[in-house]
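Heads up: the structure comes next, in structure tokens.
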Amino acid sequence: MMIFKKGLIVLIFGYAAGLIANPVVYEYDSALDQGGNFFQEQRTLNIYSTVDLDAFEPILKAFVETYPATKVAYYDVNSLELYHKVMAEKDRPKASLIVSSAMDLQLKLVNDAYAKTYQSSMTQALPEMAKWRNQIFAFSLEPVVMLVNQNLFPGGELPKNRLDLLQIMRHHSQAFQGEIGTYDIRKSGVGYLLASQDARQADATWGRMIEAFGSHQVKTYCCTSAMIDDVAAGDLLLGYNLVGSYAHKRALGDPRLTMIMPTDYTLLMMRSVLIPKLAPNAEDAGKFIDFLLSEKVQSLMLSENLLFPIGDASQAINLSKKRSHPTRIIELDQQLLVGRDHAKQSRFIRSWESALELNELEQGAQ
């Protein structure tokens, strides 16, 4: 399928379930510009990304409008699958740019020497917590939230924090059976990151939470968008540990949905970008990084409710003006690598599976 808009061509291909298949391609007509002059031959910027296409498409379109000699091939992929794909292609990468919300897996790629150094005035302006070794750069700061279907939620009062949720679940136990959703940390890189950060921030509360989820037959998901869809459809009462920008945008357009930033603490995660060490088109990848960090795109993220920009973190933190929210920023530093130690990761996942009372058949299928 081709879509034309003011010289922009969007080529939409199909995706194979569970695989990185054909991309969505954004390009300007490569024959003529508005002045009737021929463009130089177009270069291709291949992007592997975990950002939902509807949240990134305005940025992709703006990029090819700004740089018409470059077309973008965008591969929308799960965070854990993305990491394994990058590793499989490490000696001959297809992607020029890797965009992910799984901060620890991104950092591991850098630590294992699979990322290219890049420096510009835009990256130099980032705070230290939002970059590492001049090889990985954050461009958005996302609150990690709960989302509820307020029309179906029992008890007449929504939880303000994790302890409130536990209390409501005790008082209305039957209503929550099979009605809670969260990430499957075995399938989702960002899901593992957020669960491990929860355990680090509040070990006792985390233990009680996942045990309560397990006793209420929690449903596990690959991604935030699927959880949001099920909360909106009434198949879930509550989604836990959702990416804030997605939840916020859906709640704005759906009065049944309420986003909750927990008042005990709200995690803030960063979406980050890196260039593979042997990337085929590092020049345009660098341009895209600077474009993401530009005032134009950071403002676009906010004005169009796409993502929460790194340049104005307070917008992510202060969505509710009624009360402050203690926040815990997950920084881009070596501490994230501890959780990805193979032995520690295996133990954590086994503990998670046990607490959620996942049966042996389900465990064996993963």
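In this chain, numbering begins with 1 at the start of the sequence shown. Remember, predicted model here, so these are calculated numbers, not experimental data.
Between the Thr327 side chain and the Ile329 main chain, no donor and acceptor come within less than 3.5 Å of each other.
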Full working for side-chain contact (heavy atoms from CB on, under 4.5 Å) between Leu80 and Leu105: CA-CA 8 Å; Leu80 187 58; Leu105 292 179; 4.1 Å; yes

Start with the C-alpha distance between Tyr26 and Leu45, add both sets of side-chain angles, then the distance that settles side-chain contact (heavy atoms from CB on, under 4.5 Å), and finish with yes or no. CA-CA 10 Å; Tyr26 298 85; Leu45 175 63; over 6 Å; no

Apply side-chain contact (heavy atoms from CB on, under 4.5 Å) to Leu292 and Phe56, showing your working. CA-CA 11 Å; Leu292 279 176; Phe56 222 47; 3.9 Å; yes

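Under a cut-off of 6.0 angstrom, the local environment of NZ in Lys116 is sparse, with at most 12 non-hydrogen atoms contributed by other residues, nucleotides or ligands. Other residues, nucleotides and ligands place more than 12 heavy atoms under 6.0 Å from the NZ atom of Lys90. The environment of Arg328 atom CZ is dense: over 12 non-hydrogen atoms of other residues, nucleotides or ligands sit within 6.0 angstrom. Lys287 NZ: more than 12 foreign heavy atoms inside a 6.0 Å radius.
For the pair Pro23/Asn46, no side-chain contact is recorded, criterion being any heavy-atom separation below 4.5 Å from C-beta on. At least one side-chain heavy atom of Ile289 sits less than 4.5 Å from a side-chain heavy atom of Leu97. Proximity of Leu193 to Ser101: side-chain heavy atoms (C-beta onward) are nowhere separated by under 4.5 Å. For the pair Pro276 and Ile98, the minimum side-chain heavy-atom distance is below 4.5 Å. Residues Ile185 and Ile349 are in side-chain contact: their nearest non-hydrogen atoms beyond the backbone lie under 4.5 Å apart. Leu336 places a side-chain heavy atom less than 4.5 Å from the side chain of Gln197. In this structure, Leu60 and Ile47 have side chains that are in contact, with non-hydrogen atoms separated by less than 4.5 Å. Looking at heavy atoms from C-beta onward, Ser140 lies out of side-chain contact with Ile310 at the 4.5 angstrom threshold.
Using modelled atom types and a 3.5 Å distance limit, the side chains of Glu57 and Tyr74 yield no donor-acceptor pair. In this structure, a donor-acceptor pair under 3.5 Å is absent between the side chains of Thr117 and Asn134. A donor-acceptor contact under 3.5 angstrom links the side chains of Thr224 and Tyr183, judged on distance only. In this model, a donor atom of one side chain and an acceptor atom of the other lie less than 3.5 Å apart for Tyr75 and Lys94.
For the atom pair CG (Leu252) and CG (Leu257), the distance works out to 10.5 Å, reported to the nearest 0.5 Å. Taken from CD in Glu283 to CZ in Arg43, the straight-line distance is 5.0 Å, to the nearest 0.5 Å. Taking CD from Glu304 and NZ from Lys249, the interatomic distance works out to 7.5 Å, rounded to the nearest 0.5 Å. Within the model, atoms CE of Met269 and CG of Leu194 stand 6.5 Å from one another, a figure rounded to the nearest 0.5 Å. Glu331 contributes atom CD, which lies 11.5 Å from atom CG of Leu107 (distance to the nearest 0.5 angstrom).
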Per-pair distances, 0.1 Å, donor-acceptor, side chain in residues 166-173, under 3.5 Å, sequence neighbours excluded:
residue : atom : partner : partner atom : Å
Ser173  : OG   : His216  : NE2          : 2.9

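Within the structure, ring pair (Phe, Tyr, Trp, His ring centres under 6.0 Å) contacts touching residues 105-162 (residues at least two apart or in different chains) are Phe153-Phe176. Sorted by first and then second residue, the pairs that involve residues 269-303 and meet ring pair (Phe, Tyr, Trp, His ring centres under 6.0 Å), not counting sequence neighbours, are Phe63-Phe288, Phe63-Phe291. Sorted by first and then second residue, the side chain to side chain donor-acceptor pair (under 3.5 Å) pairs with a member in residues 225-241 read Arg162-Tyr240, Asp198-Tyr240, Asp198-Asn241, Tyr221-Asp230, Asp229-Arg250; sequence neighbours excluded. Screening residues 97-107 for salt bridge (charged side-chain N to carboxylate O under 4.0 Å, His left out), with sequence neighbours left out, gives Asp104-Arg340.
Every residue meeting the side-chain hydrogen bond (donor to acceptor under 3.5 Å, both in side chains) condition with Gln119, not counting sequence neighbours, appears here in chain and number order: Gln124.
Lys85 and Glu89 are joined by a salt bridge, as a carboxylate oxygen and a charged side-chain nitrogen come within less than 4.0 angstrom of each other.
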